[in-house]
Number of protein chains: 2
Amino acid sequence: MDTRQLKTLVAISTQGTFARAADIVALTPSAVSQQIQALEQELNTELFERTSRPPKLTPHGLQVLEMAKDMLRLEEDTKASLRGDRIAGTLMLGSVRSSALNLLPKAILRMRNLYPDLKTNLRVSLSSTLISDVAAGRLDAAIVAEHLGFPPALRWSPFLREPLWLIAPEGTDITDPIRLLNSRPYIRFRSAVPLANLIDTEISRLGVVPQDIAEIDTIGSIVTCVRQGMGISVVPHVALQEPEDDRLTRLPFGSPQITRQIGIVERIVSPRGEIIAHMHEVLAELCREHGVRREVSTSATVMSR
Amino acid sequence: MDTRQLKTLVAISTQGTFARAADIVALTPSAVSQQIQALEQELNTELFERTSRPPKLTPHGLQVLEMAKDMLRLEEDTKASLRGDRIAGTLMLGSVRSSALNLLPKAILRMRNLYPDLKTNLRVSLSSTLISDVAAGRLDAAIVAEHLGFPPALRWSPFLREPLWLIAPEGTDITDPIRLLNSRPYIRFRSAVPLANLIDTEISRLGVVPQDIAEIDTIGSIVTCVRQGMGISVVPHVALQEPEDDRLTRLPFGSPQITRQIGIVERIVSPRGEIIAHMHEVLAELCREHGVRREVSTSATVMSR
DNA sequence: TCTTATATTAAGAAATACTGGATATATTGA
DNA sequence: TCAATATATCCAGTATTTCTTAATATAAGA
């Protein structure tokens, strides 16, 4: 698969005909036809319905078109980042939703004392997406939980260590947690992060067989679903900061209670290293007794080997 | 850029040397070296530090490696979807965070009456990512707000129409909304969705110059930041369902109050069309007075032209 | 310092991509 | 309904790119 073929496909979709697309990609219509045929052969599916003129994209063709757009965007974004194209003065920051997001408004307000002209572009997404975007240069840094194996261009520094809780809807009888896990509908945290594995591993160790009702990939959404009475689950402490979370029944998960860490991930070589170091300091302060100070060396990098 | 080059780059990163990578990609070491040089020429940057053996990826090289992995994953996911590889019996559903997510637990529980073996894999992400994933076949459907121009392979059916509110921290004096917008720190909703444009357009129409303090791309995060006292913003009704949101000061946004719609987006050709139609029905019922019934024809498709 | 392993260079072979011209097919207008 | 027009495909030849082979250069280890 060649990005030139993908550009041709996108050109056909915008121009309407192979002939006009040929002008756009500086090829002959014959070459355009051959490129599409090569793509169809590689994917083993027809991308165009050819009984009409001009040919019309099939449903599979439309899917491949979306993939093409995504891939070309990745290519262009990476090229822009390598060229050093950036909005001056804006910190591109990412965060997962249900961790330290409640801390960020205070942190950003405090940061303005040090950097009065600092403007923050905050994108909330999933750990895996955020890490990928930091690695690819689309974000300067992101707040994510501990991962097994960050990309080698990145380093992760924890600023929060928090305990895990087994949570159930208000009024649930929790005298026997093992029976609870075996009988109540279980909302499984499904995500490519160590926390999900940590929870699954401990549940396997307990020898229970949870009755899965759903797999959800964000902690905040899981808390919302438990609150709505859907079932029980396991979540970290910081996800339970809302006043009505006090009404959820909760039990320490693991004995001793299991903890996990939240930190900042950034590129090792970054023009915003100083700002990010300060952000880390501010966030650790805001975590009070759960706060973790940054160490002098990039110890997380050492540990992740 | 050719996916064969990207596979080579990934192989070098996992195997450690050009020579061993050559075995993996079934080429000679010379061809591997030439592929990497071609990539470096296209990107106009060095990907490897060559003063050591084996050569070591530069920071730019590591960024390109991440892009390569992302692109190859897109390619593989699309190929798998085209082949029809799917987990049997699981509904791959996406949702934005702060819209109808509160409705989903009830909806999923009700759906189990009709489909007792239905299992739902719920992924919470951003509108643009969700739409892209539905188009590319990674999700069966997603709950997103109205967009200008869905990909042509998709159709969107609204089930909720809700009003917008100007919100401020508890205790804010809101007798003069124009002065408020001109003076208080403003948290701008920045996202590639019509709602963001709708809000920006109305604010321009009002002739105010907001004092931006942050740009955030998720509504739930904006509400969280307003609650924490960071500033004011404009959000839709459903984002204000939590009990402590009652403490926020709010004002109808626009005169008459502006509304926006939430719906389900799905592929026009989908094996789960029936299940998704039922999900739409259940969600519209759960919205009560704000619910929107699905029309007989794919009217949204017509309207989006 | 010498040997070994790996990467690069140069030249040629093999494979692929593209052009040009002819043909096929769909659409449009008379 | 038929002819004209526009567009896509097929086929063969040419141009370009990719890969292999052999020789050379470079780094690392004994």
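Throughout, protein chains are lettered first and strands after them, A, B, ... in sequence-line order, and every chain is numbered starting at 1.
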Quiz item: Does a side chain donor of either A:T45 or A:H60 reach within less than 3.5 Å of an acceptor in the other side chain?
Solution: yes

Self-check item: Working for salt bridge (Lys or Arg N to Asp or Glu O under 4.0 Å), residues A:R161 and A:E146
Solution: CA-CA 10 Å; A:R161 175 184 288 275; A:E146 188 168 5; over 6 Å; no

Quiz prompt | A:Q35 CD to D:dA8 C1', straight-line distance once rounded to whole Å | solution = 15 Å

Quiz item: Under 4.0 Å between a side-chain N/O of A:S33 and OP1 or OP2 of D:dT9, yes or no?
Solution: yes

Quiz item: What is the distance from NZ of A:K7 to P of C:dC18, rounded to the nearest Å?
Solution: 13 Å

Self-check item: Atom-to-atom span, NZ of A:K56 to C1' of C:dA26 - whole angstrom
Solution: 15 Å

Exercise. Please state whether the phosphate of C:dA10, meaning OP1 or OP2, lies under 4.0 angstrom from any side-chain nitrogen or oxygen of B:Q34.
Key: no

Practice problem: Report yes if a side-chain nitrogen or oxygen of B:Q37 is closer than 4.0 Å to either non-bridging phosphate oxygen (OP1 or OP2) of C:dT9; otherwise report no. | Solution: yes

Self-check item: Side chain of A:F18 (C-beta onward), nearest among C:dT8, C:dC18, D:dA8
Solution: D:dA8

Exercise. Write down the distance between CG (B:L47) and P (C:dA7), rounded to a whole number of angstrom.
Key: 15 Å

Quiz prompt | Nearest-angstrom distance from the residue atom CG of B:L39 to P of D:dT17 | solution = 16 Å

Quiz prompt | Under 3.5 Å side-chain donor-acceptor pair for B:E49 and B:T51 | solution = yes

Quiz item: Using a cut-off of 4.0 Å on non-hydrogen atoms, how would the nucleic acid contact of A:A19 be classed: base, sugar-phosphate, or nothing?
Solution: sugar-phosphate

Quiz item: Distance check: side-chain N/O of A:R53 vs OP1/OP2 of D:dA6, anything under 4.0 Å?
Solution: no

Self-check item: 5' precedence on DNA chain C between B:R4 and B:P54 (nearest-nucleotide basis)
Solution: B:P54

Practice problem: Using whole Å, report how far CG of A:D23 lies from C1' of C:dT19. | Solution: 15 Å

Exercise. Using a 4.0 Å heavy-atom cut-off across all strands, classify B:S52 as base, sugar-phosphate, or nothing.
Key: sugar-phosphate

Quiz item: Between atom CZ in A:F48 and atom P in D:dT7, what is the gap in whole Å?
Solution: 15 Å

Self-check item: Base C:dG20 paired with A:S30 side chain (donor-acceptor, <3.5 Å)
Solution: yes

Quiz item: Is B:V64 close to A:L82 at the side-chain level, that is, under 4.5 Å between some pair of heavy atoms?
Solution: yes

Quiz item: Of the nucleotides D:dC19, D:dT9, C:dT8, which one has an atom closest to the side chain of B:P29?
Solution: C:dT8

Quiz item: Quick one: on DNA chain D, does A:V32 or B:R50 contact a more 5' nucleotide (nearest heavy atom)?
Solution: A:V32

Exercise. Take the angle between the ring planes of B:W156 and B:F150 and call it parallel below 30°, perpendicular above 60°, tilted in between.
Key: parallel

Quiz item: Atom CG of A:L27 to atom C1' of D:dA8: distance rounded to whole Å?
Solution: 15 Å

Exercise. Have a look at B:T17 and say if it touches a base, only the backbone sugar-phosphate, or nothing, with a 4.0 Å heavy-atom cut-off.
Key: sugar-phosphate

